[in-house]
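Data first, discussion second: the structure below is written as structure tokens.
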Protein chains: 2
Amino acid sequence: MKELKSDYQCAIDLVIDVIGGKWKVLILWNLNEGVKRFNELKRSLPNITQKMLTQQLRELEEHGLVERTVYQEVPPRVEYATTEMGKKLQSTLFEMCKWGDEYAQTQGITMNRCWTTYNFMD
Amino acid sequence: MKELKSDYQCAIDLVIDVIGGKWKVLILWNLNEGVKRFNELKRSLPNITQKMLTQQLRELEEHGLVERTVYQEVPPRVEYATTEMGKKLQSTLFEMCKWGDEYAQTQGITMNRCWTTYNFMD
DNA sequence: CCGTATCCAAGAGGATACTG
DNA sequence: CAGTATCCTCTTGGATACGG
């Protein structure tokens, strides 16, 4: 489990530790749509493995960006949602996404605009 | 040298490829202050090695976020600056930084607010 | 001053099998 | 359904030495 340091020289540094890596912003970006179940998230992240999804969700939970709710049912139901702190990243992620779209155009990169972009753009 | 894919499913994915990793946003964040020389940058990034700084700058240059200017002098002088596309990330990075500051407070993480934050805040 | 080249360690990320 | 548990690969990043 990734542990944050107790002090940082720079906020950007901290942000990288909290949402860095291959999957975390994608997960948060997905959860912006609303509460989602584990397999629902998994389907939204085309190439993620079960291990990575679990691992990243646990870290996001530990760091207070994501909330996990287990319903005692059979079969099990587990729902994930962003916390208040997580929601506050929405606008930043949206900015990143807009920049990415623009950047892709200037570089001739094809962008199969995905679900969440559409939801936001509407 | 890191190559971008020719198409992406999602802009966020692209953004991660372009500015992901341990150093790139820190470098961009530093360059927001203005043009900087190689060793000047190196001093601003306390623990970066020469190899990493060179490598990351080359990739940022290749991807069109940073511009490199070599002056034919002895000793050599090389200056780095953000491109237009790079500058367009400034506000996003600033948002990230603000979020990081707030997050640090809620988590009891010490933040030795650094140079660039001050410059922006003023 | 501003790099390159080489080698190496650590950890992130993935494949696969199994479980309450 | 929603996970664990292993094992393994590959990339990232760091140390060090050398060069124009």
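All values below were derived from every heavy atom in this structure, side-chain atoms included, with hydrogens, water molecules and symmetry-related copies excluded. Just so we're on the same page: letters track the sequence lines, and every chain starts at 1.
Whole-Å rounding puts the B:Ile48 CD1 to C:dG3 C1' distance at 14 Å. Distance A:Glu59 CD to C:dG11 P: 13 Å, rounded to the nearest Å. Note: CG (A:Leu57) to C1' (C:dG13) measures 15 Å, nearest angstrom. Atom-to-atom, NZ of A:Lys51 to C1' of C:dA17 comes out at 14 Å; the value is rounded to the nearest Å. Between the NZ atom of A:Lys42 and the P atom of C:dA15 there is a distance of 10 Å, rounded to whole Å. When rounded to the nearest whole Å, the span between CD1 of A:Ile16 and P of C:dA12 equals 14 Å. B:Met1 places its CE atom 14 Å from the P atom of D:dG13, with the value rounded to the nearest Å. The interatomic distance linking B:Leu53 (CG) with C:dA5 (P) rounds to 16 Å, in whole Å.
Using a 4.0 Å cut-off, some side-chain N or O of B:Arg68 falls inside it from OP1 or OP2 of C:dG3. The phosphate of C:dC2 has neither OP1 nor OP2 within less than 4.0 Å of any side-chain N or O from B:Arg77. Remark: B:Tyr80 is in phosphate contact with C:dG3, judged by side-chain N or O atoms under 4.0 Å from OP1 or OP2. An OP1 or OP2 oxygen of D:dA2 is reached within less than 4.0 angstrom by a side-chain nitrogen or oxygen of A:Arg37.
When the nearest nucleotides of DNA chain C are assigned to A:Thr49 and A:Pro76 by heavy-atom distance, the more 5′-ward of the two goes with A:Thr49. The residue among B:Gly21 and A:Glu40 whose nearest nucleotide of DNA chain D is located toward the 5' end is A:Glu40. DNA chain C is contacted by both B:Val78 and A:Lys2; B:Val78 maps to the nucleotide lying nearer its 5′ end (nearest heavy atom per residue).
Within the 3.5 Å criterion, the main-chain N or O of A:Val66 finds no donor-acceptor partner in the side chain of A:Thr82.
Of the candidate nucleotides C:dG14, D:dA2, C:dC1, C:dG14 has the atom lying nearest to any side-chain atom of A:Lys22. When distances run from any side-chain atom of A:Thr54 to the nucleotides D:dC1, D:dT4, D:dA2, the shortest one goes to D:dT4. If you check D:dG13, C:dG13, C:dG3 against the side chain of B:Arg58, the one that comes closest is C:dG3. With C:dC1, C:dG3, D:dG13 as the choices, the nucleotide that has an atom nearest any side-chain atom of B:Asn39 turns out to be C:dC1.
Relative to the ring axis of A:Phe94, A:Lys98 places its NZ or CZ within 45° and under 6.0 Å from the centre.
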Note to self: Please evaluate residues A:Glu73 and A:Arg77 with respect to the criterion salt bridge (Lys or Arg N to Asp or Glu O under 4.0 Å), reporting the C-alpha separation (whole Å), side-chain torsions for both, the decisive distance (0.1 Å), and the verdict.
What the structure shows: CA-CA 6 Å; A:Glu73 303 172 358; A:Arg77 182 160 58 104; 3.0 Å; yes
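Nearest heavy atom pair, residue A:Gly64 against residue A:Met85, reads O-CB, 3.9 Å.
With rounding to the nearest 0.5 Å, the separation of CD1 in A:Ile27 from CG in A:Asn32 is 12.0 Å.
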